[in-house]
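Below: the structure, in structure tokens.
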Amino acid sequence: MITHEVLVVGGGLAGLMAALAVEDGVDVAVLSKIYPTRSHSGAAQGGFNAVLSQEDSIDAHIFDTVKGSDYLGDQDAIEVLCSDGPSVIRELEKMGVPWTRRADGRIAQRSLGGAGFPRACFVADFSGHVVLHALYEHILKRGVKIYPEWHLLELLVEEGQVAGALAYDLANARLEIFRSKQVVLATGGYGRAFSKTTNAHANTGDGMAVAYRAGAVLSDMEFVQFHPTTLYGTNVLISEAARGEGGHLRNNTGERFMARYAPEKMELAPRDVVARAIFNEIREGRGFEDHSVQLDLTHLGEALVAKRLPQVRDLAIRYAGVDPATVPIPIEPAQHYSMGGVRTDLWGLTTLPGLLAAGETANVSVHGANRLGGNSLLETVVFGRRAGKKAAESARNAPWPALSRETVSRSLEPWTSLLSTPPPASSKQDDLFAVRREMATLMTNQVGVFRTGVELEDAVEKLRQLKERYESISPRGGIQPFNYALMDYLEVGHLLELSTLIARGALARTESRGAHFRVDYPRRDDENWLHHTFVRRKDAEPEFFRGPVAVTRHEPQKRGY
Amino acid sequence: MRVTLEICRFTPERDPGPRFEAFTVSVNGTRTVLDALLSAWQQDPGLSFRRSCRSAICGSCAMLINGRPALACQTLVRNAVSGGNSVTLEPLPHFRPLKDLVVDLEPLFESLKAVVPWLVLRGDYDGRMDPETAAKLEESAACILCGICRGDLGETAKGKPEGVVKALRLAQDPRDALGEHRLRLLELSPEVLKLFVDRLPRHCPKGIKISEDIVQAARKL
């Protein structure tokens, strides 16, 4: 058994920020399925929204975020997000982030979708990477203990209180009990539930699934963001910064079609609006080879593309064979971000005592039905910091929670027997690959940008069948180092669990709001649906119920761009 | 196209030594070696290799591809197979092999600690930085800690290459209180720095270049 007063699970921006916010004198450790610097936060390109200019205002940032969320975001949480923005940007600067600068030496800001002012602070187009590494440098400085390549298996719950976690050490194929006063989940999103996604292989919603199984409430799982511009075929992300720097979207007639969908904001409308527009163009026959549209940066000039969008350029050249300085990039929308997650309050506290969550894993909810570009990176640091502070404060003041021998052995038993069983014949693993493939294709095709009741019902049923098949598969256990087949088994289990919640939430929500678009219910319905979808596990089945939306300053109004 | 991957297999506790195993996979030439490797994994789920972002930003899939260190996700199959239809994949050298293509990365992350790898903020920093200076810092901030440069650059007096790259970035940061003293702390001679200037761009998957300025600065010290 290993003990740490605060155990942070996840080594991306939210997790590292949480660990750094734990005050001296409180023992904190970070457990992560990959090395922290490998986290998917590092793939974030566009920037961090924060109000730094006199001409901009916190109020304006709040309003843009509320409107972007299609009025489902909790305005008290959004107020925290936007108000803390300027201070975290300065804090990150002092930690060593080399923000891109204006001519006068101040931090430069660019426009991202849905914003009324250029307020995204950035480092060229690898903002997430640079900040992730800066935080990691300070983790080294603080000497925070890291458990890299350790997987969270379960939360240990004693009489309703989280008292630690069971984890698996991938390198040594062994189980370990972590005893903690507070566990902070910061494990990111579930992008790999979808076949077309910008997300890394590691993004399998582990923290959400584990929290759900332990009894925590998840919320708004039906809200899934599809990024408008990913490389056609590979779905590698092409940052919104490309449009922020002036890129245009064109259909096969050369038309800047966004003029018909969002005449004011054009390419910089929020992602849900742009993604639907692109799909609509393709569906109506104005795509290239019926599968893509073009992101055109050729008018920006090579110098700007090289200076402000070096990664975008490199990715397009390498994976699509086109230099965006001279040739438009073929793009298509793909799953990008999980708006839903483990429900938390403004300090990251979940509905399970002793458990906190922050970042994409959490639903606080600042993004509501649709997240604006530049707000997720901001959320990771703002709410990661708050969760870390809160966890430390609670850990300092509270005694160690009880953890009985029975709870420990009950949770260890199935995993111990799994590891003592040698791997089965390989044919069963084929079925695991098939289950994953079928699930991800189903989610993309039937739980994607355009949804209908009929397709969602079918998806729910097919997911049930996939789960049955999954449960008949024997995982590849045994004591083997770096057993990625076992990881795959665990991840598919998590993804199936979450996919079901996403599809069922989408089926229940008979309206269209933000990223959730029901072809059969194309309008927003505030009368019946201006509330969060809460879900918790009851007798092994999801139980859905309604949660209130915090409306403080801005009453819902028509959302046009 | 059909490609044969000759993959190094090795389980230290069990095997007397590493051996190659051939996997034949069908993969589009414009896809990456990582995609091909994922297909091979479906043939033998016991095969171990690290991967995550698949867009050359996380550094997980660094390995030897046809004897040359590179990221599998950044190498297109059609480039890897030039001159035949087979590709050999081995773990990165200069690290202890742990299983198949997985190596022990602890020394890599540990070695960073030797170079004071964080910004030591100057007391008089006023929050402004000249844009050209900031742009210069961006370049070496692109380091993904993949370990690829180790083979070519080996060890310097006080640090391993990835630590040196980080220290050189910080040495150029006008906010850093240590600044150019970092060169002295690392006992980096102009000759060693010249090695970085010349060799780093050869293999670095992020194209990081160390500027000649730093060699000049070291000469002055």
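The structure presented is a predicted model; accordingly, all values stated were derived computationally and were not measured. Numbers restart at 1 for each chain; the letters A, B, ... are given by sequence-line order, proteins then strands.
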* Is it the backbone or the side chain of R308(A) that comes under 4.5 Å from a heavy atom of chain B, or both, or neither? -> neither

* **R102(A) versus chain B, the contacting section by heavy-atom distance below 4.5 Å** => backbone

* Consider only side-chain N and O atoms of E491(A) and Y190(A), and report whether a donor and an acceptor are under 3.5 Å apart. => no

* **For chain A, the option from R122(B), K113(B), K99(B) that forms the most heavy-atom pairs under 4.5 Å** => K99(B)

* Structure fact -> Answer key: most heavy-atom pairs under 4.5 Å with chain B among T234(A), V130(A), I34(A) is T234(A)

* Short side-chain donor-acceptor distance under 3.5 Å, K33(A) and T204(A) -> yes

* Quick one: what part of R142(A) sits under 4.5 Å from any heavy atom of chain B, side chain, backbone, both or neither? -> neither

* To do: Please look at L315(A) and chain B and tell me whether the side chain, the backbone, both or neither of the residue comes under 4.5 angstrom of a heavy atom of that chain.
  => side chain

* Heavy atoms only, distances under 4.5 angstrom: which of S55(B), C53(B), G207(B) has the most pairs with chain A? Name it, please. => S55(B)

* Under a 4.5 Å heavy-atom cutoff, which of I107(A), T198(A), N483(A), N203(A) has the most pairs with chain B? -> T198(A)

* To do: Can you tell which part of N235(A) gets under 4.5 Å to a heavy atom of chain B, answering side chain, backbone, both or neither?
  => both

* Asked: Heavy-atom distance under 4.5 Å to chain A: side chain of E132(B), backbone, both or neither?
  -> neither

* Check: T88(B)/E6(B) side-chain N/O donor and acceptor closer than 3.5 Å -> no

* So, E162(B) versus S111(B): side-chain donor-acceptor pair below 3.5 Å or not? -> yes

* Most heavy-atom pairs under 4.5 angstrom with chain B, which of H40(A), H133(A), M95(A)? -> H133(A)

* Looking at G127(B), G46(B), S52(B), A134(B), which one has more heavy-atom pairs under 4.5 Å with chain A than the rest? -> S52(B)

* **Per-residue contact mode, P148(A) against chain B (heavy atom under 4.5 angstrom)** => side chain

* To do: Specify which of R106(A), R318(A), E149(A) makes the most heavy-atom pairs with chain B at under 4.5 Å.
  => R318(A)

* **Pairs of heavy atoms under 4.5 Å with chain B: top-ranked of P98(A), A43(A), S39(A)** => P98(A)

* Under 4.5 Å heavy-atom distance to chain B, tell me which part of F126(A) shows up: side chain, backbone, both or neither. => side chain

